[in-house]
Amino acid sequence: MSEEAVLERQWRLPAVALRVVLFGLVAVFGWASVGAVSALTWCGILALAALPGVLLPRHRLLAPAGRLAEVAVVVLGTLATGGLPAWMLPYLIAPFATAAFDAAGPNDSERYARFRIWGPPLLVAIAAVGLVAQTARVSGYAQGTYVTTVAVALAFGMASAVGAWWLRRSRRSDLSHSQLPYAEAAALLTQLRVVARQLPGSTLDPGGIATEIVDTVTRIPGADRAAVLAASSGRRLVVLSQHAAERVDWETSPQMNSLLADAWAGQKPQTGQLPLSRSTQGPVSSLVIPLVAEGRTVGLVAIESDDPAAFGPESVTAAQEQTKGTALRLETALLFEDVRSMATTEERQRLAREIHDGIAQELAMLGYGIDNAMAILPGDAGEARGELEDLRSEVTRLVTELRFSLFELRSNVDRQGGLASAIADYARTVGASAGLRVHLSLDEGGARLPASTEAELLRIAQEAITNARKHARAENLWVTCEVDPPYTRIEVTDDGQGLTGEASEGRYGLAIMSERAERIRGSLEIRPHQPHGTTVAVVLNASARPTPKAVPTHPAAEEWAAAAGAATEQQARRPDEA
């Protein structure tokens, strides 16, 4: 419903109430001053004249014509009953106020807008001319009182018109201000939808754009390592893409690195010998290029070289040229991912509420009804009792599945805990409820993935765990989570009956996982697990998988490793505990 329609509906009841109150007041005055017959006659005519304004207040022609008729009836009725007492004049407030309220509305066309604006002054002029022109018909001793009464009535009428006009304008302003954020959001989203349909699919992918930037800047002479960092929730950065020959633990807290902080705040390239990663040892040459779009810092390009003198003015100029124009593309992609993530989260919460308040409650009531039916069964109804018990067990199973679904819908990655923590919490909860022994292997550093990517990886892990619980009939569940942005590997393995036993809904779940992995530019692998079971693994940025640095060997390392291996082998020979 439009803003003007809302205002019209809000004004309709007060306008009718105003006419009713004034009509009753005029009827009482007329009954007391000119008698019942004259008062009823002219009040009846006035009621007919007021019908268009009451029934069709938004009609372009009938509504103004009705207001004009109301003014004419008031003028003629006042004169026909002797002028004094001017018992009908208070009713002028109604047509004046409604005309002024309508005049403050929208301008549909130039001609109609002019007509609406000049409507209230025209009604006041008609009433004034009609009433004052008949002053001579009033007896001489009462002419002064008559003119004074007309002036007071017109003054009150104009005051009510000004008040109605101001009320309409102020209400329009309030609604405009309250709806302005929504109007701007709708316009921006509409433009984004149009532009997104015109662009190639990969251009709104932050990871793809960041990979292009990294591939470009690594061509600068001397660049050994590079990464694109973008802002996330809080005061940390996320690694969108990187290029390195070995494991790099990039610094994601600008407060801990002056080059990152100065580049972000000053929006100027920064060079120095301060490492940009926590895993870099020894002297290096560092270069940070800020990605600035419309005066806003969108991200940082971090480049490191093992040569302390690698980055001079020529390298800075080359890096700026290579990254020119990429900031706006990256910001657009990040905004698109943020909007899509918020919409997805809200929709999942809405579905959870509807399931909880709808079908979950109905199933619970159905279970109570079955319990009541079983309670009143006669003792010899053995077959019926068995059927009801089977039905009660099925309802219990469905309620349990709904609870798992609600838990899955409401599960999100905590920006403080991280992806590995969210997956571990979900696996533990499901394992405890379904009787699965859960084995966790978590490896997550301080760096974070983009929120939308973490959300998709969590859903993939949830679907794999759900398949193992529902369809695989597994006893053990192994969950591996390795997060080293931009590289990530999530692996879920069960010892169930394998892919051959997957139900149709399980196959549908595999298709959903494949779609989610493709959406974040990851690869999904589903393979048998020996001696029986299934492994579901999703890998993100496999080409960026870091290679751990060589660590100096401790003199007793070999002896310790041999002892640990022997202990592990001896423990493996023991039977599994329940």
Side-chain angles (χ1 to χ4, degrees), residues 4 7-8 11-27 29-30 38-81 83 86-135 137 146 149-169:
E4 297 298 330
L7 289 174
E8 292 291 348
W11 171 252
R12 181 174 298 179
L13 182 60
V16 173
L18 177 64
R19 281 188 167 91
V20 171
V21 171
L22 292 175
F23 187 86
L25 185 64
V26 166
F29 287 168
S38 296
L40 289 176
T41 300
W42 284 102
C43 284
I45 298 173
L46 182 60
L48 293 176
L51 284 178
V54 174
L55 301 179
L56 301 171
R58 301 185 64 184
H59 199 279
R60 286 191 174 188
L61 297 178
L62 294 182
R67 291 192 288 266
L68 179 60
E70 288 177 295
V71 172
V73 170
V74 170
V75 172
L76 295 177
T78 301
L79 299 179
T81 53
W87 59 283
M88 296 190 73
L89 292 185
Y91 190 83
L92 289 175
I93 293 175
F96 289 173
T98 53
F101 189 85
D102 186 61
N107 299 332
D108 298 332
S109 63
E110 185 177 354
R111 180 180 300 178
Y112 184 58
R114 189 178 301 123
F115 174 74
R116 292 172 61 163
I117 292 174
W118 288 101
L122 182 62
L123 290 179
V124 174
I126 292 174
V129 171
L131 292 171
V132 175
Q134 303 298 326
T135 305
R137 298 183 57 184
Y146 174 77
T149 304
V150 169
V152 172
L154 292 177
F156 274 101
M158 287 187 289
S160 65
V162 173
W165 180 87
W166 176 84
L167 176 65
R168 176 64 175 267
R169 293 298 295 269

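FYI, the numbering just counts along the sequence from 1. In what follows, every heavy atom counts, from backbone to side chain, and hydrogens, waters and symmetry copies are set aside.
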Non-hydrogen side-chain atoms of L131 and L89 separated by less than 4.5 Å: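 SC-SC contact between L131 and L89 confirmed.
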Side chain to side chain, F96 and P120, heavy atoms closer than 4.5 Å: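 No, side chains not in contact.
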F156 atom CZ, over 12 foreign heavy atoms within 6.0 Å: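 It does not: F156 CZ has 12 such atoms or fewer within range.
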Closest approach of [X] and [Y], non-hydrogen atoms and distance?
X: S160; Y: A97; answer: O-CB, 4.0 Å
X: V75; Y: A127; answer: CG2-CA, 4.0 Å
X: T149; Y: A86; answer: CG2-CB, 3.7 Å
X: P90; Y: L25; answer: CB-CD2, 4.4 Å

Roughly how far apart are [X] [atom1] and [Y] [atom2], rounded to 0.5 Å?
X: L122; Y: L68; atom1: CG; atom2: CG; result: 7.0 Å
X: L62; Y: L51; atom1: CG; atom2: CG; result: 11.5 Å
X: M88; Y: L76; atom1: CE; atom2: CG; result: 9.0 Å
X: L92; Y: I126; atom1: CG; atom2: CD1; result: 11.5 Å
X: Y146; Y: L79; atom1: OH; atom2: CG; result: 4.5 Å
X: C43; Y: W87; atom1: SG; atom2: CH2; result: 4.5 Å

No-hydrogen, no-angle side-chain donor-acceptor test under 3.5 Å, W42 and T81: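 Side chains of W42 and T81: no pair found under 3.5 Å.
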Summary of salt bridge (Lys or Arg N to Asp or Glu O under 4.0 Å) pairs that have at least one residue in residues 61-71, sequence neighbours excluded: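 Non-adjacent pairs meeting salt bridge (Lys or Arg N to Asp or Glu O under 4.0 Å): R19-E70, R67-D102.
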